[in-house]
Amino acid sequence: MSHAKLLMIVGDFAEDYETMVPFQALQMMGHQVDAVCPGKQAGEHVRTAIHDFEGDQTYTEKRGHNFTLNATFSDVRAEEYDGLVLPGGRAPEYLRLDKKVLDLVRHFSHEDKPIAAICHAAQLLAAAGVIQGRQISCYPACSPEVELAGGTYVPVAVTAAVVDGNLVTAPAWPAHPEWLGKFLPVLEKYLAAKPQLAGAAR
């Protein structure tokens, strides 16, 4: 597989597994993953939250880890990246209020670059206005936002993922194997076509 340069946008109380697992797994595959947060620099950290499913009517929430950022948000140039990874948790709720975050999401969507979004990350997709007519999975509590933004919510098992073109979405961290497994072929297809895309732009 070719190696990609990926952008991951996180924030305080992003879901712990949905941040840590793709960050580490995608690097293990040889990809560069730049984890950034608005207002923070490389070397600073965000606090994560652990969301679990313990038989209640909604998920429980516990304090997670300190996740160290390895890149600086203000330095991000969207055109330098091949794909976007959006963890869920509580962070998307406030990250969607940041204009640059939404502009970054729109860049990846408009350029048809691979986007992996899980759980509450659908809030960012909806706020950026990039899911009109698209098939989207997310945490079920976010499904009204998906539908209000013109997307079609796909109610899959918590271990499943949905692919619609460049978008790979899933309901929550139990879907990591399928979510990441389906994201990699989408990413590989983009990387394989990248030389042709660059030639067309000249």
N/O donor-acceptor pair under 3.5 Å between His31 side chain and Ala4 backbone: yes
Donor-acceptor pair, side chain of Asn66 and main chain of Arg47, under 3.5 angstrom: no
Sequence neighbours excluded - salt bridge (charged side-chain N to carboxylate O under 4.0 Å, His left out) pairs with any residue from residues 53-63: Glu54-Lys62, Glu61-Arg90
ILVMFWY clustering at 4.5 Å (side-chain atoms), partners of Leu97: none
Distance (rounded to the nearest 0.5 Å) between Met29 CE and Phe183 CZ: 11.0 Å
Contact check, side chains of Val168 and Ile115, non-hydrogen atoms, under 4.5 Å: no
Rounded distance [0.5 Å steps], CG in Leu180 versus CD1 in Ile118: 7.5 Å
Contact list for residues 16-33, test salt bridge (charged side-chain N to carboxylate O under 4.0 Å, His left out), sequence neighbours left out: none
Interatomic spacing from CG in Leu187 to CG in Leu26 - rounded to 0.5 Å: 8.0 Å
Ring pair (Phe, Tyr, Trp, His ring centres under 6.0 Å) pairs, two or more places apart, involving residues 109-129: Tyr59-His120, His120-Tyr139
Student check: side-chain heavy atoms of Ile136 and Thr152 closer than 4.5 Å: no
Main-chain N/O of Glu15 paired to Thr48 side chain as donor or acceptor, under 3.5 Å: no
Audit row: Asn166, Phe108, side chain to side chain contact (heavy atoms under 4.5 Å, CB included) steps and yes/no: CA-CA 9 Å; Asn166 67 316; Phe108 287 91; 5.9 Å; no
Non-hydrogen side-chain atoms of Phe73 and Cys37 separated by less than 4.5 Å: no
Minimum-distance pair of heavy atoms, taken over all atoms of Asn70 and Ala35: OD1-N, 2.7 Å
Heavy-atom donor-acceptor pair, Thr169 side chain to Ser137 backbone, under 3.5 Å: yes
Gln32 side chain reached by Leu6 side chain, heavy atoms, under 4.5 Å: no
Minimum heavy-atom distance between Gly165 and Val186, given as atom pair plus value: O-CG1, 3.9 Å
Nearest atoms (heavy-atom pairs only) where Cys138 meets Cys119: CB-O, 3.5 Å
Sequence-distant partners of Asp103, side-chain hydrogen bond (donor to acceptor under 3.5 Å, both in side chains), two or more places apart: Lys99, Arg106
Pairs touching residues 174-184 that satisfy side-chain hydrogen bond (donor to acceptor under 3.5 Å, both in side chains), sequence neighbours left out: Glu178-Lys182
Linked hydrophobic residues, Val156 as query - side chain contacts closer than 4.5 Å: Val154, Val162
Salt bridge (charged side-chain N to carboxylate O under 4.0 Å, His left out): pairs with one or both residues in residues 140-164, sequence neighbours excluded: Arg96-Glu145, Arg134-Asp164
Name each donor-acceptor pair under 3.5 Å that joins a side chain in residues 78-85 to protein atoms two or more places apart or in another chain, with its distance.
| unit_1 | atom_1 | unit_2 | atom_2 | d |
| --- | --- | --- | --- | --- |
| Glu80 | OE1 | Lys5 | NZ | 3.4 |
| Tyr81 | OH | Asp34 | OD2 | 2.7 |
| Asp82 | OD1 | Lys194 | NZ | 2.5 |
| Asp82 | OD2 | Lys5 | N | 2.9 |

Atom of Ser143, atom of Pro140 and distance for their closest heavy-atom approach: OG-O, 2.7 Å
Pairwise distance OG(Ser109) to CG(Leu104) - rounded to 0.5 angstrom: 12.5 Å
Heavy-atom check, side chain of Leu125 versus side chain of Gln123, under 4.5 Å: no
Closest approach of Ala160 to Ala175 (non-hydrogen atoms, all atoms of both residues): O-CB, 3.3 Å
Residue pair Pro87 / Met8, side-chain heavy-atom distance below 4.5 Å: yes
Hydrophobic cluster identity match, Val21 and Val46, side-chain contacts under 4.5 Å: yes
Atom NZ of Lys189: over 12 foreign heavy atoms under 6.0 Å: no
Residue pair Val146, Ile131: steps toward the side chain to side chain contact (heavy atoms under 4.5 Å, CB included) verdict: CA-CA 7 Å; Val146 166; Ile131 56 174; 4.1 Å; yes
Check: Asp12 and Tyr94 side chains under 4.5 Å, non-hydrogen atoms: yes
Any residue meeting salt bridge (Lys or Arg N to Asp or Glu O under 4.0 Å) with Asp112, in chain and number order, not counting sequence neighbours: none
Pairwise ring pair (Phe, Tyr, Trp, His ring centres under 6.0 Å) hits with a residue in residues 4-29, at least two apart: Tyr17-Trp173, Phe23-Phe67
Val105 and Val130: CA distance, side-chain angles, deciding distance, side chain to side chain contact (heavy atoms under 4.5 Å, CB included) verdict: CA-CA 8 Å; Val105 174; Val130 299; 4.2 Å; yes
Partners passing salt bridge (Lys or Arg N to Asp or Glu O under 4.0 Å) against Asp98 (at least two apart in sequence or in another chain): none
Common cluster, Leu167/Leu184, ILVMFWY with side-chain heavy-atom separation under 4.5 Å: no
His107 versus Lys113, side-chain donor and acceptor atoms under 3.5 Å: yes
Rounded distance (nearest 0.5 Å) linking atom CD1 of Ile50 with atom OG1 of Thr60: 9.5 Å
Leu7-Leu69 co-clustered via ILVMFWY side chain contacts under 4.5 Å: no
Leu191 versus Ser2, closest heavy-atom pair with distance: CD1-O, 3.6 Å
Any side-chain heavy-atom pair of His65 and Met20 under 4.5 Å: yes
